[in-house]
**Student:** 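Here's a structure for you.
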Amino acid sequence: MSSSTSRRSYGVKGAPYGFLLPATVLFALFFALPIGYAVWLSFRKVRVSGLGLGSGARKEVWAGFGNYTEALQDSELLHGALHVLGYGCIVVPVMLGLALLFALMLDSEKVRLAPFTRLAIFLPYAVPGVVAALLWGFLYLPDVSPFSFALDKLGLPQPDLLDGGPLYLALANIAVWGGTGFNMIVIYTSLRSIPAEVYEAAKLDGATPLQIALRIKIPMVAPSLVLTFFFSIIATLQVFNEPTTLKPLTNSVDTAWSPLMKVYQDAFGRNDIYAAAAEATLIALVTLLLSFGFLRAANRRNKRDVSQGGVR
């Protein structure tokens with residue numbers, strides 16, 4: 001009886017691990033293993049002997065940190081990082097600002113057709129990024145754009161959004177159009193979780209809707225704002241679809257406009273998977289450091305606010 005009881009107890013304790021096993025195997029095969037393989041490739045390179053012909057002429061050898069040194073000195077990768085920096089300075093504040101504004105408007109008591117409005121704002125997020133970039137790309141082309149046609153009929157100048165500085169606005173518009181709805185839903189869900197008693201107490205104290213929004217709603221959804229900002233930073237650092245899709249439509253976007261485009265070009269255009277692996281690892285490290293630093297700063301600020309509130 002004791003042995004059967006112990007076996008039954010062992011089976012109950014081991015049940016959670018059995019449920020976790022499929023997810024763990026999938027995580028290891030399709031996430032951890034590819035990352036480890038990419039890191040391993042980043043420390044390798046091909047040594048060519050002679051003319052590079054015949055068996056054994058091309059041999060994979062240990063490169064140490066040589067690929068990382070070359071990546072950090074690569075002007076194309078650095079220029080791509082600057083492009084993404086300018087792109088992110090437009091996308092992140094505009095997208096989160098609009099998401100917060102729409103969430104506050106939908107949470108208002110006087111809003112009408114709220115379900116339809118939520119769906120209309122969220123719907124662009126359901127459009128695949130490549131499709132959205134292609135649609136907007138044709139809207140930007142002066143020869144086929146209905147906006148250019150309307151401006152021409154009105155006798156107004158037709159700006160070329162695919163050339164020079166306006167290119168940042170064109171790319172940022174695609175990201176804002178597609179990502180605002182998702183961030184709005186996250187913030188709106190957080191707003192709906194605030195107890196109604198908080199609003200009633202504020203109204204009894206004579207607070208206006210604007211004061212309630214600025215002094216109650218926004219501070220209470222700060223964790224959601226931090227979360228959406230965190231996701232937006234990661235998405236900005238990984239921008240790839242928009243410039244790649246617009247590249248055939250303009251000469252202002254080269255093959256290394258963003259860091260990920262540089263990685264793709266080195267891996268599949270130049271057939272140098274070792275340099276591409278080092279660049280991808282650097283991008284992942286930068287993303288990790290920025291994310292960790294931001295989350296740590298946000299947590300430190302939250303703890304300081306809580307401690308100050310407790311003292312008061």
Side-chain angles (χ1 to χ4, degrees), residues 16 19 23 87-129 132 169 172-238 287-288 290-312:
F19 287 113
Y87 168 84
C89 289
I90 300 174
V91 170
V92 175
V94 173
M95 181 168 59
L96 295 185
L98 289 176
L100 177 61
L101 177 63
F102 290 150
L104 291 173
M105 293 174 62
L106 289 173
D107 194 56
S108 175
E109 296 179 352
K110 299 180 180 180
V111 66
R112 298 180 180 179
L113 301 176
F116 173 78
T117 306
R118 287 198 304 268
L119 179 61
I121 298 174
F122 179 78
L123 192 59
Y125 178 75
V127 179
L169 298 177
N173 174 67
I174 300 174
V176 170
W177 180 79
T180 299
F182 171 81
N183 294 302
M184 181 272 297
I185 290 296
V186 174
I187 300 173
Y188 177 74
T189 304
S190 181
L191 284 172
R192 300 301 295 176
S193 64
I194 300 176
E197 293 80 3
V198 176
Y199 300 146
E200 294 177 358
K203 291 178 182 178
L204 291 176
D205 290 338
T208 64
L210 180 60
Q211 291 174 332
I212 292 175
L214 296 178
R215 299 182 181 181
I216 297 178
K217 292 184 177 181
I218 294 180
M220 295 191 73
V221 299
S224 297
L225 293 175
V226 171
L227 180 65
T228 53
F229 183 82
F230 175 70
F231 287 155
S232 300
I233 290 293
I234 294 178
T236 300
L237 294 174
Q238 298 178 351
T287 304
L288 178 63
L290 289 178
S291 304
F292 178 77
F294 173 74
L295 289 178
R296 186 172 182 179
N299 290 332
R300 187 183 299 114
R301 181 177 179 180
N302 290 335
K303 291 180 180 179
R304 184 175 66 251
D305 294 341
V306 170
S307 62
Q308 291 177 353
V311 171
R312 293 174 186 175

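Being a predicted model, the structure only gives us computed values, none of them experimental. Throughout, numbering of the chain's residues begins at 1 and tracks the sequence.
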**Student:** Answer yes or no: is there a side-chain heavy-atom contact under 4.5 Å between Thr117 and Met105?
**Tutor:** no
**Student:** Measure the spacing between CG of Leu237 and OG1 of Thr287 and express it to the nearest 0.5 Å.
**Tutor:** 4.5 Å
**Student:** Is any side-chain heavy atom of Leu104 closer than 4.5 Å to one of Ile218?
**Tutor:** yes
**Student:** Roughly how far, to the nearest 0.5 Å, is CD1 of Ile90 from CE of Met95?
**Tutor:** 12.5 Å
**Student:** Any side-chain heavy-atom pair from Val91 and Ser232 closer than 4.5 angstrom?
**Tutor:** no
**Student:** Measure the spacing between CD1 of Ile234 and CD of Gln238 and express it to the nearest 0.5 Å.
**Tutor:** 7.0 Å
**Student:** side-chain contact (heavy atoms from CB on, under 4.5 Å) for Leu225 and Leu96? Distances and angles first, verdict last.
**Tutor:** CA-CA 8 Å; Leu225 293 175; Leu96 295 185; 5.9 Å; no
**Student:** Between Val127 and Trp177, is any pair of side-chain heavy atoms under 4.5 Å apart?
**Tutor:** yes
**Student:** For the side chain of Ser193 and the backbone of Ser190, is there at least one donor-acceptor N/O pair under 3.5 Å apart?
**Tutor:** yes
**Student:** What are the two closest non-hydrogen atoms of Val186 and Ser224, and how far apart are they?
**Tutor:** O-OG, 4.0 Å
**Student:** Would you say Tyr199 has more than 12 foreign heavy atoms packed within less than 6.0 Å of its OH?
**Tutor:** yes
**Student:** Give, for atom CG of Leu123 and atom CZ of Phe116, the distance between the pair rounded to the nearest 0.5 Å.
**Tutor:** 9.5 Å
**Student:** With sequence neighbours excluded, what pairs up with Arg192 under the salt bridge (Lys or Arg N to Asp or Glu O under 4.0 Å) test?
**Tutor:** Asp107
**Student:** Looking at Phe230 and Ser291, what are the two nearest heavy atoms and their distance?
**Tutor:** CE1-CB, 3.0 Å
**Student:** Can you name the ring-ring contact (aromatic ring centres under 6.0 Å, His included) partners of Phe231, sequence neighbours left out?
**Tutor:** none
**Student:** If you look at every heavy atom in Ala175 and Tyr87, which pair is closest and at what distance?
**Tutor:** CB-OH, 3.1 Å
**Student:** Where do Ala202 and Ile212 come nearest, in terms of heavy atoms and distance?
**Tutor:** CB-CG1, 4.1 Å
**Student:** List the atom of Gly88, the atom of Thr236, and the distance in Å for their closest heavy-atom pair.
**Tutor:** CA-CG2, 3.4 Å
**Student:** Roughly how far apart are Thr228 OG1 and Leu100 CG, rounded to 0.5 Å?
**Tutor:** 8.5 Å
**Student:** Minimum heavy-atom separation for Met184 to Phe122, with atom names?
**Tutor:** CE-N, 4.5 Å
**Student:** Supply the atom-to-atom distance Ile187 CD1 to Leu101 CG, rounded to the nearest 0.5 angstrom.
**Tutor:** 10.0 Å
**Student:** Could you check whether the rings of Phe294 and Phe229 sit parallel, tilted or perpendicular, using 30° and 60° as the cut-offs?
**Tutor:** tilted
